[in-house]
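On a predicted model such as this, the values are computed, not experimentally measured, just so you know. Numbered from 1 within each chain, the chains take letters A, B, ... in sequence-line order.
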Amino acid sequence: MSVVAFTPEGRVQVRTGKVELGQGLHHALAQIVADELGVALDAVDLLPVDTAHSPDMGVTSGSKSLEEAGAALRAACAELQRERSARHVGRPLPREALRVLFAGAPVFIHDLQPEGLLHGRVLHPPGPLRSAPAGALRDGDLLGVLAATNAEADAAVARLAAAARWDAMPLPPEGPHELPHLPATVRTVGEHGTPQPGVRRLRAVYAKPWMAHASIGPSCALAQWAGDRLHVWSHTQGPFNLRRDLALAFGLDVAQVRVTHVPGAGCYGHNGADDVAFDAAWLARRAEGRPVRVVWSRADELTQSPQGPAMRIELEAALGAQGRIVDWRHTIWSPGHSRRPGRAATPALLGAWQVAGAKPAPPSIDMPLAVGGGAERNAIPGYALPAWQVRCHTVATQRRSSALRSLGALGNVFAAEGFLDEIAHATNRDPLALRRELLAHDERGLAVLDAACRGWAGRPRRDGWGHGIGYARYKNTGAWCAVWAEVEVGAKLHVRRLRIAADVGLAVNPDGVAQQLEGGAIQATSACLLESAKPAHAGWADYPILRFADVPAIEVALVPSTEPSLGAGECSLGPTAAAIGNALFDALGVRVRELPFTPERIVAAIDEGTPT
Amino acid sequence: MKLSVNGREHAVDAPRAARLLDVLRDELGLKGTREGCGSGDCGACQVLLGGAPMAACQATLGACEGAAVTTVEGLEPKLAQAFFDEQAAQCGFCSSGMLVAAAALLRRNPAPTEEDVKRALDGQLCRCGAHPRIVRAVLRAARA
């Protein structure tokens with residue numbers, strides 16, 4: 001019988017072993033319980049001590065009762081609170097907010113319609129502006145229109161774009177294989193052990209292209225000035241960072257800027273949300289205190305948003321006499337993976353770089369590894385290797401690179417897990433057995449790997465079918481995730497199934513966790529099959545993403561845990577891409593080391609034959 | 001011009017060449033139909049015109065004269081309930097289009113297979129990766 005318990009009527013019954021002598025002890029204990037549980041004092045009932053149901057706490061004497069009984073009740077209340085909160089935490093409770101969404105309610109920033117709203121569009125010419133029609137709103141190279149309706153704004157910006165003239169500034173090629181030839185700074189990210197020469201060396205170059213966030217809803221913002229105070233509504237990922245950069249851009253103190261978050265479509269990182277907030281604020285300055293809404297077009301979204309950058313990853317390993325890895329080197333060429341607002345002395349907002357007298361744009365950087373890194377994320381091996389070294393070249397590109405879901409981890413895990421598979425194949429080791437051996441020190445990693453690969457030994461072998469494994473602990477400090485991919489290569493590569501296993505610590509909402517794991521895996525599948533962003537891509541026809549027909553069957557296995565909760569939003573991307581690449585090799589016997597696995601690349605790999 | 005939306009007649013004061021999408025959102029205040037691309041490529045703005053699915057960004061007001069328009073706000077609750085029960089959304093921006101496309105499917109095929117559902121939703125893009133749940137939701141609604 002617990003010493004503190006709620007009754008069905010919502011009262012709190014307390015059983016103590018110390019008696020009330022008129023000294024007010026029970027009243028004081030009730031005060032403690034009321035505070036510990038956050039209930040009204042008059043809802044707490046201290047039961048008279050009764051040998052039938054009270055704890056034996058000896059004699060009520062010696063001025064010790066409050067101290068002993070109080071401590072016992074505080075401990076009991078804390079445990080009761082944990083049990084009460086477990087009514088919610090750990091359960092797949094549905095998101096009630098989805099009810100109104102499915103009824104078509106106006107829940108998005110695009111739906112805000114305050115009194116007096118004006119509609120704006122901003123033209124961000126890709127090169128220096130030569131001429132603009134008279135009457136166009138202009139500042140430096142920036143052009144804009146304001147209109148009374150959304151439709152009129154669309155028409156006005158189309159006329160403006162047709163009439164304006166700017167210098168074309170064709171971008172030089174900056175794909176993964178051009179990166180080593182561009183200006184860069186190099187650093188050693190980490191190293192461990194003493195490299196041995198071994199008896200055999202393997203080397204491979206992996207690559208991933210620029211990728212777009214490709215949000216279904218275009219970026220949108222509202223802004224309104226009241227004198228020299230600015231209020232912005234935005235779906236930014238970083239309201240305080242945006243506020244700081246808007247203040248910089250408009251020469252204000254941060255106290256004069258307010259940013260209110262309103263939901264947009266999924267952004268998956270740093271997309272155009274912050275840039276369009278600048279656009280709205282810039283136009284709103286010319287709107288005499290009226291609120292202005294700017295929404296980007298699909299073409300704006302694809303051509304103007306920052307993008308996840310290309311990466312070139314070189315892996316080298318030395319193998320000892322028994323085929324053991326005695327040296328492992330992972331070298332990255334990549335632009336920085338963060339150009340987010342709020343972190344530099346000048347604003348990181350597109351329009352702010354185009355106004356007259358614009359200050360220089362901050363570069364793309366990688367945050368320090370201690371806070372997650374960027375290009376080097378997940379390059380440091382999570383396996384027990386006797387010696388390894390990771391180096392990173394941060395390449396300066398004209399294309400704007402910034403954070404896209406999992407940052408460098410997608411490329412690094414794809415590359416490292418593909419290379420590990422190559423080593424497994426070269427040394428006649430089963431890919432699962434090799435990974436298990438290298439994870440012997442990591443109990444949770446091993447459990448996740450085993451959960452994903454249950455039944456691996458008996459996997460069905462069919463012509464054109466392949467099976468592959470991918471594993472990583474996100475950021476080396478986050479959630480553990482392993483993926484087993486099953487593919488079929490016929491006329492094209494089809495990802496049939498994914499089994500995803502993850503350890504996210506205590507899963508606050510297991511269904512929410514599963515959603516994030518599935519979502520990340522579907523995006524990675526899309527990256528493997530389809531995605532490579534070019535500067536000229538302006539619509540869905542240019543930049544296709546995965547459709548219903550090509551979505552694999554997905555099974556999620558969460559490893560139960562009461563350890564501290566870990567985020568689940570990004571950990572499945574790298575392992576999924578790696579598993580698909582490894583499954584492709586298993587199916588065809590050829591290794592495609594560059595995303596996406598287009599039919600042309602697969603055919604080229606077959607024609608060339610992969611050196612083993 | 002008179003426009004019938006979700007069973008109600010509205011007097012709309014917009015040019016006949018106006019996009020149905022703009023009329024719905026800005027004239028009639030029905031924000032559930034969403035603009036994703038403006039070129040008919042993403043499915044976010046699906047509506048039913050006389051029961052047939054179409055992109056509201058590609059339809060003009062004039063073309064809707066005399067036809068009944070159904071938007072997400074006018075669908076039967078059992079579809080939305082099935083989507084809720086399967087928690088078939090993450091950001092939800094694609095959801096309106098998904099619901100309308102699903103409604104169109106179920107009207108012509110009340111007992112679809114999983115393949116039928118995937119084919120019917122082929123024009124509907126989702127970036128968050130809610131596809132498996134959306135398919136389960138449509139199948140669930142069919143059984144309801």
Side-chain angles (χ1 to χ4, degrees), chain A residues 92 94-99 101-108 110-113 119 149-151 154 213-218 263-268 295 297-299 301 511-512 514-526 539-541 544-554, chain B residues 14-15 18-19 21-23 25-27 29-39 41-44 71-75 77 79-85 87-97 99 115 117-135:
Chain A
R95 290 165 60 195
E96 281 300 321
L98 292 183
R99 266 196 218 282
L101 170 79
F102 293 140
V107 300
F108 292 104
H110 312 73
D111 305 331
L112 290 178
Q113 189 123 24
H119 299 261
T149 70
N150 196 52
D154 278 339
H213 299 75
S215 306
I216 297 294
C267 60
Y268 328 109
V295 61
S297 67
R298 177 52 43 190
E301 195 69 26
D511 195 51
Q515 289 230 20
Q516 289 306 298
L517 296 172
E518 290 162 16
I522 288 171
Q523 287 190 351
T525 304
S526 186
W540 290 116
I545 61 174
L546 207 66
R547 291 174 180 267
F548 274 94
D550 296 322
V551 172
I554 302 178
Chain B
R19 293 189 313 174
L21 179 59
D22 292 319
V23 171
R25 290 183 60 81
D26 300 329
E27 297 286 330
L30 292 167
K31 301 291 186 185
T33 307
R34 312 201 184 282
E35 178 158 10
C37 70
S39 57
D41 293 317
C42 72
T71 68
V72 63
E73 291 95 336
L75 297 180
L79 248 182
Q81 184 62 48
F83 269 63
F84 179 81
D85 292 338
Q87 294 283 286
Q90 291 183 36
C91 83
F93 201 88
C94 73
S95 299
S96 296
L99 285 156
E115 283 314 304
V117 174
K118 288 182 180 178
R119 217 171 300 122
L121 298 182
D122 184 65
Q124 307 298 123
L125 296 183
C126 167
R127 182 52 157 172
C128 292
H131 308 77
R133 289 155 189 268
I134 293 169
V135 172

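Of the possible polar contacts, one joining the A:R547 side chain to the B:D122 backbone as a donor-acceptor pair under 3.5 Å is found. For the pair A:Q515 (side chain) and B:Q87 (backbone), a donor-acceptor distance under 3.5 Å is present. Under the 3.5 Å distance criterion, the side-chain polar atoms of B:R34 are left unmatched by any main-chain donor or acceptor of A:D111. Between the side chain of B:R25 and the backbone N or O of A:H110, at least one donor-acceptor pair lies under 3.5 Å.
For A:P263, no part sits under 4.5 Å from any heavy atom of chain B, backbone or side chain. Within the 4.5 angstrom heavy-atom criterion, only side-chain atoms of B:S95, from C-beta onward, approach chain A. For a residue to count as touching a neighbouring chain, one of its non-hydrogen atoms must lie under 4.5 Å from one of that chain's; by this rule A:A265 touches chain B with backbone and side chain alike. With a 4.5 Å cut-off on non-hydrogen atoms, B:D22 touches chain A through its side chain but not through its backbone. Using a 4.5 Å cut-off between heavy atoms, A:D550 does not touch chain B at all. Of the atoms belonging to B:L30, not a single heavy atom falls under 4.5 Å from chain A. Both the backbone and the side chain of A:A214 come within less than 4.5 Å of a heavy atom of chain B. Both the backbone and the side chain of B:L121 come within less than 4.5 Å of a heavy atom of chain A. For A:A514, the parts lying near chain B are the backbone and the side chain together; criterion is any non-hydrogen pair under 4.5 Å.
For the set A:I554, A:T525, A:V295, A:D511, the entry with the most heavy-atom pairs within less than 4.5 Å of chain B is A:D511. Chosen from A:R298, A:R99, A:E96, the residue pairing most often with chain B at heavy-atom distances under 4.5 Å is A:R99. Across B:E115, B:E73, B:Q124, the residue that shares the most heavy-atom pairs under 4.5 angstrom with chain A is B:E73. Interface check for chain A: of the options B:A88, B:A89, B:S39, the most heavy-atom pairs under 4.5 Å are formed by B:A89. Ranked by heavy-atom pairs under 4.5 Å with chain A, the first of B:H131, B:R19, B:E35, B:R119 is B:H131. The candidate from A:I545, A:L546, A:D154 with the greatest count of non-hydrogen atom pairs under 4.5 Å with chain B is A:I545. Looking only at heavy-atom pairs under 4.5 Å with chain A, the residue among B:L125, B:L75, B:L99, B:D41 that has the most is B:L125. Interface check for chain B: of the options A:I522, A:T149, A:I216, the most heavy-atom pairs under 4.5 Å are formed by A:I216.
The side-chain contact (heavy atoms from CB on, under 4.5 Å) check on B:D85 picks up B:Q81, B:R140, with sequence neighbours excluded.
Here the CG atom belonging to A:L112 is positioned 9.0 Å from the NZ atom belonging to B:K31, to the nearest 0.5 angstrom. A distance of 5.5 Å separates SG in B:C91 from CZ in A:F108, rounded to the nearest 0.5 Å.
Across B:V72 and A:G104, no two heavy atoms sit closer than the pair CG1-CA, 3.8 Å. In terms of heavy-atom proximity, A:P94 sits nearest to B:F84 at CB-CZ, 3.7 Å. The shortest non-hydrogen separation linking B:C42 to A:W540 is CB-NE1, 3.6 Å. Here the closest non-hydrogen pair linking A:S526 and B:R127 is OG-NH1, 3.9 Å. Counting all heavy atoms, side chain and backbone alike, B:C128 lies closest to A:Y268 at SG-OH, 3.0 Å.
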What's the verdict on side-chain contact (heavy atoms from CB on, under 4.5 Å) for B:V135 and A:F548, showing C-alpha distance, side-chain angles and the deciding distance? CA-CA 9 Å; B:V135 172; A:F548 274 94; 3.7 Å; yes
